[in-house]
Amino acid sequence: AFTEPIEKHTQVNSHTQNPKGMGFKSLQKPLFKYLASTLVLLMSFFTTFGQLPTVDLKLSKLIDNSQPQAGALVTFIMTLQNEGSTDATQITVEDMFPNTGLDYVSGVAESGTWTYDNTTGMGSWVIPRLAAGQSVKLEIKATVKTAAMGVFFNVAEVKSVNEEDYDSVPDNKKLYEDDIATACFSV
């Protein structure tokens with residue numbers, strides 16, 4: 001009774017079959033053409049209209065004398081630059097001044113306001129607006145304490161900004177990001 005081949009009794013659903021030419025390979029050409037045309041369209045958009053608006057804050061810091069004598073006057077120069085394509089607003093830079101080795105004398109900002117707390121050694125530089133491509137400087141003067149010995153670090157970081165920074169996160173203490181800067185000296 002069951003001598004007939006099994007294929008004769010097997011029903012094949014034509015919707016689940018993969019007829020020749022209907023698999024992934026047949027979709028490769030249209031998919032590739034679609035992706036290539038989308039890429040060309042995006043490239044022409046950015047070439048025609050420029051980059052998407054971004055804020056990219058970069059902070060740097062220098063000291064004029066990295067091996068001062070006790071009692072010497074030293075000057076730190078901090079530079080904040082917006083390497084992005086749009087303005088940055090309400091920027092706050094926090095400076096952790098090494099008050100165990102230095103006596104603060106003065107701080108002068110090219111733009112914005114600078115405040116310093118002599119008790120904590122913390123400084124705050126607030127810049128209301130920094131245009132794309134613009135840079136501003138802050139100069140801090142201090143004298144080396146007579147009892148100072150060792151290596152001292154002055155660290156500053158962008159603490160906040162209204163816009164999202166392209167390649168760094170404010171106030172995260174990551175030394176490899178470009179929104180944090182250090183300068184050191186030894187006595």
hydrophobic_cluster_shared for Leu80 and Val126, side chain cutoff 4.5 Å:
no
To the nearest 0.5 Å, what is the distance between OG1 on Thr79 and CD on Glu110?
8.0 Å
Closest non-hydrogen contact found for Ala88 with Ile91 is CB-CD1, 3.7 Å
Using 0.5 Å steps for rounding, measure from the CG atom of Asp56 to the OG atom of Ser85.
9.5 Å
Checking the side chain of Asp179 only, and the main-chain atoms of Ser168 only, is there a donor and an acceptor separated by less than 3.5 Å?
no
Would you say that Asp178 contacts Glu83 through its side chain, given a criterion of any heavy-atom pair below 4.5 Å between the two side chains?
yes
Tabulate below the donor-acceptor pairs under 3.5 Å that side-chain atoms of residues 136-155 make, not counting sequence neighbours, or state none.
residue: Lys141; atom: NZ; partner: Thr75; partner atom: OG1; Å: 3.2
residue: Lys145; atom: NZ; partner: Asn99; partner atom: O; Å: 2.7
residue: Asn154; atom: OD1; partner: Lys61; partner atom: NZ; Å: 2.5
residue: Asn154; atom: ND2; partner: Asp95; partner atom: OD1; Å: 3.3
residue: Asn154; atom: ND2; partner: Asp95; partner atom: OD2; Å: 3.0
residue: Asn154; atom: ND2; partner: Met96; partner atom: O; Å: 3.1

Gap separating the CG atom of Leu102 from the CD1 atom of Ile63, nearest 0.5 angstrom
7.0 Å
Taking all non-hydrogen atoms of both residues, which atom of Val161 and which atom of Pro170 are closest, and how far apart?
CG1-CG, 4.0 Å
Once ring pair (Phe, Tyr, Trp, His ring centres under 6.0 Å) is applied, what residue pairs with a partner in residues 96-127 remain, sequence neighbours excluded?
Phe97-Tyr104, Phe97-Tyr116, Tyr104-Tyr116
How close do Thr92 and Ser124 get, heavy atom to heavy atom, and via which atoms?
CG2-OG, 3.6 Å
Nearest-0.5 Å distance, CD of residue Glu94 to NZ of residue Lys173
5.5 Å
Side chains of Glu164 and Val55: does their closest heavy-atom pair fall under 4.5 Å?
no
Tell me if a side-chain donor or acceptor on Ser186 pairs with a main-chain N or O of Gln67 at a distance below 3.5 Å.
no
Going by atom types only, do Thr89 and Glu163 share a side-chain donor-acceptor pair under 3.5 Å?
yes
Does any N or O in the side chain of Asp87 come within less than 3.5 Å of the main-chain N or O of Ala132, such that one atom is a donor and the other an acceptor?
yes
Within the structure provided, determine whether Ser60 and Met78 are in side-chain contact (heavy-atom separation under 4.5 Å).
no
Here the gap from Asp64 atom CG to Phe76 atom CZ, rounded to the nearest 0.5 Å, amounts to 8.5 Å
Membership question, hydrophobic clusters at under 4.5 Å side-chain separation (ILVMFWY): are Val158 and Ile180 in the same one?
no
To the nearest 0.5 Å, how far apart are CG in Asn82 and OG1 in Thr54?
7.5 Å
Would you mind reporting whether Asp171 and Ser160 have side-chain heavy atoms less than 4.5 Å apart?
no
Just by modelled atom types, is the Asn172 backbone N or O under 3.5 Å from a matching donor or acceptor in the Glu157 side chain?
yes
Scanning both residues in full, the closest heavy-atom pair of Cys184 with Ser66 reads O-CB, 3.9 Å
